[in-house]
Amino acid sequence: IHTVKGRAFPDPMAEGRHVRLIFQGRELLDSATLSSLGIRHNHVIHGSVSRNQAPPERPEDEAGQLDDMWPILQPLLVITIGGMWCLYIIYKQYFSTTALFFLIVITIYFGIFFFSHHGGQLRPNRRQ
């Protein structure tokens with residue numbers, strides 16, 4: 001990414017200005033590569049040049065780590081919640097009203113999180 005910044009913004013980089021590249025709403029770290037981020041031909045990368053000096057590069061924050069873990073967590077959560085609903089249907093007599101309430105709340109919370117996180121990615125991309 002540092003090489004891409006140097007080629008796209010040679011003058012601001014030489015002046016020591018802060019150049020940021022953004023792809024799909026996330027700032028790209030200098031240590032990453034285009035292939036490791038899944039950036040291919042015809043993908044759009046936004047550039048931002050500020051007047052301030054470039055701050056030292058910081059490691060990914062917790063939100064970035066959650067994005068990396070989401071492909072693993074999503075199926076586990078779906079299986080767990082689905083399993084709990086199956087257990088409720090089969091063994092309804094062992095579930096209290098409180099347990100059912102919390103199962104409904106967790107299902108709704110997970111659904112909202114899933115659709116807010118993947119809302120734009122559910123529709124097929126017809127431009128390709």
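We number each residue from 1, following the sequence as shown. Please read all numbers here as calculations on a predicted model, not as lab measurements.
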Given the rule in the side chain to side chain contact (heavy atoms under 4.5 Å, CB included) test, do Ile39 and Leu28 qualify, once you have shown the distances and angles that lead to the verdict?
CA-CA 11 Å; Ile39 300 173; Leu28 306 179; 3.9 Å; yes
Would a line drawn from the ring center of Phe23 to the ring center of His46 be shorter than 6.0 Å?
no
Kindly indicate, with the supporting measurements, whether the criterion side chain to side chain contact (heavy atoms under 4.5 Å, CB included) is fulfilled by Phe95 and Met84.
CA-CA 10 Å; Phe95 280 75; Met84 291 303 295; 4.2 Å; yes
Report the distance from atom [atom1] of [X] to atom [atom2] of [Y], rounding to the nearest 0.5 Å.
X: Arg20; Y: Ser48; atom1: CZ; atom2: OG; result: 4.5 Å
X: Arg17; Y: Asp11; atom1: CZ; atom2: CG; result: 9.5 Å
X: Leu37; Y: Gln24; atom1: CG; atom2: CD; result: 9.5 Å
X: Ile45; Y: Ile1; atom1: CD1; atom2: CD1; result: 6.0 Å
X: Tyr91; Y: Cys86; atom1: OH; atom2: SG; result: 11.5 Å

Under a single-linkage definition using a 4.5 Å side-chain heavy-atom cutoff for Ile, Leu, Val, Met, Phe, Trp and Tyr, are [X] and [Y] assigned to the same hydrophobic cluster?
X: Ile90; Y: Ile104; result: yes
X: Leu77; Y: Ile112; result: yes
X: Leu87; Y: Phe101; result: no
X: Tyr94; Y: Leu100; result: yes
X: Val78; Y: Ile108; result: yes

Any donor and acceptor pair, going by atom type alone, linking the side chain of Lys5 with main-chain N or O of Val19 inside 3.5 Å?
yes
With sequence neighbours excluded, what pairs up with Ile81 under the side chain to side chain contact (heavy atoms under 4.5 Å, CB included) test?
Trp85, Ile106, Thr107, Phe110
Can you list everything that forms a side chain to side chain contact (heavy atoms under 4.5 Å, CB included) with Ser36? Sequence neighbours excluded, please.
Ala32, Thr33
Going through the checks in order, is the side chain to side chain contact (heavy atoms under 4.5 Å, CB included) test met by Leu21 and Phe9?
CA-CA 10 Å; Leu21 296 180; Phe9 303 97; 3.9 Å; yes
